[in-house]
Amino acid sequence: MFIKIYNTLITILYPLVIKRYIKKRQENGKEDIKRFNERIGRPNMKRPDGKLVWLHGASVGESVSMLPLIQKILDTYPEAHVMVTTGTVTSADVMQKRLPERAFHQFIPIDNPIFTARFLKHWHPDVALWFESELWPAILSGIKRKNIPLILINGRISNKSFKRWQQFDFISKELLGCFTLCLGQSEEDAYRLRVLGAKNALCLGNLKYAGLPLPIDEEKRAEFLKQSADRRMWLASATHNDEEIRIAKIHKRLIEKFPGLLTVIAPRHPQRGEEIKNRINELGLQTALRSKNEKITAKTDIYIADTIGEMGLWYDVINIVFIGGSLIPHGGQNFMEPSRVRDAVIVGPHMHNFTDAMNRAKKADAIIQVADTEELHDVVVQLFENKELLDAKRSLAYNWASSESKVLDGIMDKVKEFI
């Protein structure tokens, strides 16, 4: 009943309200105007012949976590094609660069039953793999009506979401009832999915543990190393608003002990680069902005890596990494990627987006968690001063990440039952 009411209301409200909201998104650069037809279910390319496996993820994190499974599917089915859908411009850019042959990107249609019906009629995938927890009623119900197997991959239900959904369990039961199978990131997620109405939910592990190596442009790598001139470095990755200033203040203290130190900040949202630069400059520090091709000189304190698709470079050349979104109550960002390339990884106190992964990493002594900026400063000092400690933390992180990557085979075996 809920889905029917939702679809009716969305159809009525789209021309009256939602269309204006979409227009604002276009004006703010949050929609790709050249490809907007995809958002209304009118793609410009034909459906490839043969089997088509569709994977959907909301944004960059989810779409990147798909890559190992995409490659596995293509290797297992040489005649098949993979379609990846996302909803953000940034994720589209990342996918265009990283998708292998026989895989392509499309924008997910706006969740209007008219648009989603067009989309499904055109592509008619053989199976749909839905990543994490973005549940759109129009598209999910359309998939179910078409009798397309629908599998939730890496499903995650946070404490907050679980409590909220329990108050509206009549909605969650309808939405989760659209899925043929739900695979939770953890046993707790699988349990919550069952409580909320999933008919078939289990845990095979977290697919984010099985990520592929991030791409590295060797020419850019060589140029960065030339400019940084063997300086001592550390990286603050995927930072959010306010964290950059805290990192800059830590840098001011660190350079008293380690003259010539270079701090690299790679913000979670690269479009904030100019804003971050201006705020850090107010502290009397010298910055260089990568998006503007500003060179690193001997006087550069902080290098702001405000670009897309270059995290592999930073994780490769810098072996002490702090993961952002964790000094503030955001819940943290992916800390598995630097672990896989043998970095010593530090996180703040707020890592509730990765509770299961954190528990596993802590058990393996593969992660350093600090309580605040003061402790972050002290840990960076220890790692700079104690090479044996640094080497040990790097090895522990790498060994843990490598052992966790086996989850991919289990998930692939389950997906094969529906292809």
Side-chain angles (χ1 to χ4, degrees), residues 60 90 93-94 214-327 333-335 337-338 341-348 373 376-377 379-381 383-384 390:
V60 175
T90 302
D93 289 342
V94 172
L214 295 172
I216 301 171
D217 186 311
E218 291 298 335
E219 288 186 11
K220 291 180 179 179
R221 181 184 186 278
E223 178 60 27
F224 173 77
L225 290 175
K226 181 181 177 182
Q227 288 187 33
S228 56
D230 295 324
R231 291 168 64 176
R232 193 190 300 264
M233 294 183 285
W234 72 301
L235 168 68
S237 167
T239 55
H240 289 248
N241 187 33
D242 192 51
E243 288 183 314
E244 295 90 7
I245 292 299
R246 300 190 199 189
I247 297 298
K249 289 178 179 177
I250 291 175
H251 175 89
K252 290 191 78 168
R253 295 177 61 193
L254 289 172
I255 55 175
E256 295 175 6
K257 196 172 188 68
F258 306 107
L261 173 70
L262 178 65
T263 296
V264 178
I265 296 178
R268 172 71 171 138
H269 302 290
Q271 65 270 26
R272 295 181 52 243
E274 195 77 48
E275 167 205 334
I276 295 166
K277 174 184 172 71
N278 293 336
R279 292 190 66 192
I280 292 176
N281 286 349
E282 291 174 1
L283 297 176
L285 295 170
Q286 296 293 314
T287 59
L289 205 61
R290 185 166 180 83
S291 64
K292 296 292 179 65
N293 294 315
E294 294 175 356
K295 303 296 183 186
I296 299 170
T297 70
K299 294 183 179 180
T300 304
D301 291 296
I302 295 179
Y303 189 54
I304 303 169
D306 57 335
T307 52
I308 295 171
E310 293 194 302
M311 285 311 306
L313 190 161
W314 313 126
Y315 289 153
D316 181 69
V317 300
I318 303 172
N319 54 38
I320 298 176
V321 178
F322 167 75
I323 299 295
S326 62
L327 282 176
Q333 300 295 157
N334 189 338
F335 66 90
E337 289 175 342
V341 290
R342 206 181 291 271
D343 289 332
V345 184
I346 313 166
V347 298
T373 51
L376 175 57
H377 165 272
V379 165
V380 174
V381 170
L383 293 173
F384 278 146
L390 174 60

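By convention here, the first residue in the shown sequence is residue 1.
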Subject >> Carboxylate-amine/guanidinium contact Glu244 Arg279, below 4.0 Å >> reply: no

Original post:
Are any side-chain N or O atoms of Gln333 and backbone N or O atoms of Gly325, one a donor and one an acceptor, separated by less than 3.5 Å?
Top reply: no

Subject >> Asn281 side, atom CG; Thr287 side, atom OG1 - distance, nearest 0.5 Å >> reply: 3.5 Å

**OP:** Using atom types as modelled and distance alone, determine if a side-chain donor or acceptor of Asp217 lies under 3.5 Å from a backbone N or O of Glu219.
**Re:** yes

**OP:** Identify the heavy atoms of Met233 and Val317 that sit nearest to each other, and give their distance.
**Re:** CE-O, 4.0 Å

Original post:
Would you call Asp343 and Ile318 a side-chain contact if the rule is heavy atoms closer than 4.5 Å?
Top reply: no

Original post:
Stepwise, does the side-chain contact (heavy atoms from CB on, under 4.5 Å) test hold for Asp306 with Glu274?
Top reply: CA-CA 9 Å; Asp306 57 335; Glu274 195 77 48; over 6 Å; no

**OP:** Look only at the side chain of Glu337 and the backbone of Gly312, and say whether a donor-acceptor pair between them is shorter than 3.5 Å.
**Re:** no

Subject >> Side chains of Ile320 and Ile346 in contact at under 4.5 Å (non-hydrogen atoms) >> reply: yes

Original post:
Could you state the interatomic distance from CG (Asn241) to CD1 (Ile276), rounded to the nearest 0.5 Å?
Top reply: 8.0 Å

Original post:
Do the side chains of Leu376 and Leu327 get nearer than 4.5 Å, heavy atoms only?
Top reply: yes

Which donor-acceptor pairs under 3.5 Å do the side chains of residues 261-269 make with protein atoms, sequence neighbours left out?
{"unit_1": "Thr263", "atom_1": "OG1", "unit_2": "Trp234", "atom_2": "NE1", "d": "2.8"}
{"unit_1": "Thr263", "atom_1": "OG1", "unit_2": "His251", "atom_2": "ND1", "d": "2.7"}

Original post:
Closest approach of Leu383 and Leu390, non-hydrogen atoms and distance?
Top reply: O-CB, 3.8 Å

**OP:** Taking the side chain as every heavy atom from C-beta outward, state whether Ile296 and Arg231 have any pair of such atoms under 4.5 Å apart.
**Re:** yes

**OP:** Specify the closest pair of heavy atoms between His240 and Arg272, including all atoms of both residues, with the distance to one decimal.
**Re:** C-NH1, 3.8 Å

Original post:
If you take all heavy atoms of Gly273 and Leu289, which pair is closest and at what distance?
Top reply: O-CD1, 3.5 Å

Original post:
Any donor-acceptor pair under 3.5 Å linking the side chain of Ser326 with the backbone of Ile323?
Top reply: yes

Subject >> Point-to-point distance, once rounded to the nearest 0.5 Å, from NZ of Lys292 to NZ of Lys277 >> reply: 8.5 Å

Original post:
Which is it for His377 and Arg246 under the side-chain contact (heavy atoms from CB on, under 4.5 Å) test, yes or no, and what are the steps along the way?
Top reply: CA-CA 10 Å; His377 165 272; Arg246 300 190 199 189; over 6 Å; no

**OP:** Answer whether the closest heavy-atom distance between the side chains of Ile280 and Ile245 falls below 4.5 Å.
**Re:** yes

Original post:
Would Val341 and Asp316 count as a side-chain contact (heavy atoms from CB on, under 4.5 Å) if you check the C-alpha gap in whole Å, the side-chain angles of each, and the deciding distance to 0.1 Å?
Top reply: CA-CA 7 Å; Val341 290; Asp316 181 69; 5.9 Å; no

Subject >> Any pair counted as salt bridge (Lys or Arg N to Asp or Glu O under 4.0 Å), so long as it reaches residues 248-267, sequence neighbours left out >> reply: Arg253-Glu374, Lys257-Glu385

Original post:
Say you draw a straight line from CD1 of Ile302 to CG of Leu283; how long is it, rounded to the nearest 0.5 Å?
Top reply: 7.5 Å

**OP:** Look up atom OH in Tyr315 and atom CD1 in Ile216, then write down how far apart they are to the nearest 0.5 Å.
**Re:** 12.0 Å

Subject >> Flag side-chain contact, heavy atom, 4.5 Å: Ile250 against Val380 >> reply: no

Subject >> Nearest non-hydrogen partners of Lys299 and Gln286, listed with the distance >> reply: O-CB, 3.1 Å

Original post:
Where is the tightest heavy-atom contact between Tyr303 and Arg290, given as atom of each residue plus distance?
Top reply: OH-NH1, 2.8 Å

